[in-house]
There are 2 protein chains.
Amino acid sequence: MAPAPVTRCNGTSLRRATRRVSQLYDAVLAPVGLKSTQRSILIAVSRLGSPGMGELAAALVLDRSALAHNLKPLERDGLLRVAPDATDRRSRRVTLTEAGEERLAQSKALWEQAQKRFEKAFGKHEAAVLRETLARIASPEFAEAFLR
Amino acid sequence: MAPAPVTRCNGTSLRRATRRVSQLYDAVLAPVGLKSTQRSILIAVSRLGSPGMGELAAALVLDRSALAHNLKPLERDGLLRVAPDATDRRSRRVTLTEAGEERLAQSKALWEQAQKRFEKAFGKHEAAVLRETLARIASPEFAEAFLR
DNA sequence: TCGCAATAGGGGCATATGCCCATATAGCGA
DNA sequence: TCGCTATATGGGCATATGCCCCTATTGCGA
């Protein structure tokens, strides 16, 4: 069947693991109608308050343009709202709607279930260490070090 | 500016790190006109010989349908060919063309440069350990353990 | 040999992600 | 106040990824 996924490429390793985990998490989240990508956007908006597009994109380590696209389904479904900033008319701020907060709350139990499953299969402590490591890679400092 | 990307979600951690690293690698690979995703497909085809679609998709930890889509630009650009299997007419086999092998060869130096940069910023040994860890997560066994 | 379950892929549809470039504002220095 | 530069986004275009379901073959058991 499927040969063991062997590769020396760090990027490829990451992408494969990400695809696997996204599929696993998405399957668990499916009943509430949120992909893990979408949930992570709602979470970030919730944590940041009413972030501007650029701020939100940076926090998500996501291209601004990609973010704008990703927001559309969520806005269409009434989970969040995008409105011009009151003082800086260049800027647009993203806010959760009540429906958005509710959906986020609904997804919490399922997300926790996915986390539990992941940590059962991978190890709770190891998972924490891995997240730490990945956060380091995702940081702007890492990009700088890479480019230096 | 951008808050530190903090999250307790394993999937989100992975996706963020992956986006960062893909951007970094893709920028390095750009001169040869290959994305890292595309390069990893060419590599897999090269390693597996002339794999069938399903086999290749499994090796890449990629949905069969997604693979079919991903192959189109590569086939259009003449880097690989998809032909029906001689004995099993349900099956289609993917093969590198000469142009494909050549492109892959051209990309090698740039890929190595990206690897060097990554390992300079992250640590050579740590990178090897991380790849090991990620391969474990990407494995079918991990999915089974998650679902069990 | 017939018929049906199993296998291999593709099409349609929707979301995800990025790059480049155009546009709208802000802000600041002459 | 004028005008140039910096900032905040969006649009266009292309690739990436997945799910569900349909079709073409195979292969096997009755």
Side-chain angles (χ1 to χ4, degrees), chain A residues 1-2 11-12 14-27 29-31 33-41 51-58 60-77 79 82-94, chain B residues 1-2 11-12 14-27 29-31 33-41 51-58 60-77 79 82-94:
Chain A
M1 254 294 300
T12 301
L14 275 164
R15 266 178 290 101
R16 285 183 192 173
T18 296
R19 284 196 291 259
R20 178 75 74 188
V21 174
S22 292
Q23 281 175 44
L24 261 15
Y25 272 60
D26 282 354
L29 284 176
L34 279 183
K35 308 279 200 107
S36 45
T37 41
Q38 302 180 318
R39 198 186 118 91
S40 66
I41 291 177
M53 303 291 293
E55 183 187 1
L56 183 55
L60 292 166
V61 191
L62 184 61
D63 180 85
R64 273 196 294 281
S65 193
L67 173 61
H69 292 313
N70 292 172
L71 291 183
K72 276 175 192 154
L74 298 171
E75 197 179 5
R76 179 201 60 201
D77 296 345
L79 303 182
V82 182
D85 183 284
T87 62
D88 187 340
R89 272 188 298 177
R90 289 170 303 182
S91 186
R92 286 152 60 74
R93 301 202 158 275
V94 189
Chain B
M1 253 294 299
T12 302
L14 274 164
R15 264 177 291 101
R16 286 184 191 170
T18 297
R19 285 196 290 261
R20 178 75 74 189
V21 174
S22 292
Q23 283 175 42
L24 261 17
Y25 271 61
D26 281 354
L29 284 177
L34 280 182
K35 308 278 200 109
S36 45
T37 42
Q38 301 180 319
R39 197 184 118 92
S40 66
I41 292 177
M53 302 292 291
E55 182 188 1
L56 183 54
L60 291 166
V61 191
L62 185 60
D63 179 86
R64 274 197 297 282
S65 193
L67 173 60
H69 291 313
N70 292 172
L71 290 182
K72 277 179 190 148
L74 297 170
E75 196 178 7
R76 179 202 59 201
D77 296 345
L79 302 182
V82 182
D85 183 285
T87 62
D88 187 340
R89 272 187 299 176
R90 291 171 302 182
S91 185
R92 286 154 59 76
R93 303 205 156 271
V94 188

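All heavy atoms count here, side chains included; hydrogens, waters and symmetry mates do not. Throughout, a chain's letter reflects where its sequence line sits, starting with A, and its residues are numbered from 1.
C:dC19 atom P lies 8 Å from atom CG of B:D26, rounded to whole Å. What separates CD of B:Q38 from P of D:dT17 is a distance of 10 Å, to the nearest Å. In this entry the distance linking CZ of A:R19 with C1' of C:dT15 reads 16 Å, nearest Å. A:L34 places its CG atom 12 Å from the P atom of C:dT15, with the value rounded to the nearest Å. Regarding B:L29, its CG atom lies at a distance of 15 Å from the P atom of C:dG18, rounded to whole Å. One can place NZ of B:K35 at 17 Å from P of C:dA16, the figure rounded to the nearest angstrom. In this structure, OH of B:Y25 is placed 19 Å from C1' of C:dG18, rounded to the nearest angstrom. Going from atom CG of A:D63 over to atom P of D:dT15 covers 17 Å, rounded to whole Å.
The shortest non-hydrogen separation linking B:G54 to B:R64 is CA-CD, 4.0 Å. For the residue pair B:P73 and B:H69, the shortest heavy atom distance occurs at CD-O, 3.2 Å.
Under 4.0 angstrom from either OP1 or OP2 of C:dT15 there lies no side-chain N or O belonging to A:N70. Proximity of A:R89 to the phosphate of C:dA26: a side-chain N or O atom is located under 4.0 Å from OP1 or OP2.
Atom CG of A:L60 and atom CG of A:N70 lie 8.5 Å apart (nearest 0.5 Å). Here the CZ-CD distance, from A:R93 to A:E55, works out to 6.5 Å after rounding to the nearest 0.5 Å.
A donor-acceptor contact shorter than 3.5 Å links the side chain of A:D63 to the backbone of A:S65. The main-chain N or O of B:V61 is found under 3.5 Å from a side-chain atom of A:R19 such that the two form a donor-acceptor pair.
No engagement by A:L67 is indicated, since no non-hydrogen atom pair under 4.0 Å with the nucleic acid exists. Residue contacts shown for B:T18 are absent, as no nucleic acid heavy atom lies under 4.0 Å away.
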Distance-only donor-acceptor pairs under 3.5 Å for side chains of residues 34-41 of chain A, two or more places apart:
{"unit_1": "A:S36", "atom_1": "OG", "unit_2": "A:D26", "atom_2": "OD1", "d": "2.7"}
{"unit_1": "A:S36", "atom_1": "OG", "unit_2": "B:R15", "atom_2": "NH2", "d": "3.4"}
{"unit_1": "A:Q38", "atom_1": "OE1", "unit_2": "A:K35", "atom_2": "N", "d": "3.1"}
{"unit_1": "A:R39", "atom_1": "NH1", "unit_2": "A:S107", "atom_2": "OG", "d": "2.8"}
{"unit_1": "A:S40", "atom_1": "OG", "unit_2": "A:S36", "atom_2": "O", "d": "3.4"}
{"unit_1": "A:S40", "atom_1": "OG", "unit_2": "A:T37", "atom_2": "O", "d": "2.7"}

Problem - Sequence-aligned protein contact record of nucleotides 1-11 of chain D, with B where the base is within under 4.0 Å of a protein heavy atom and S where only the sugar-phosphate is - result: ------BSBSB
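Closest-nucleotide positions on DNA chain D for A:Q23 and B:R76 were compared, and the one nearer the 5' end corresponds to B:R76.
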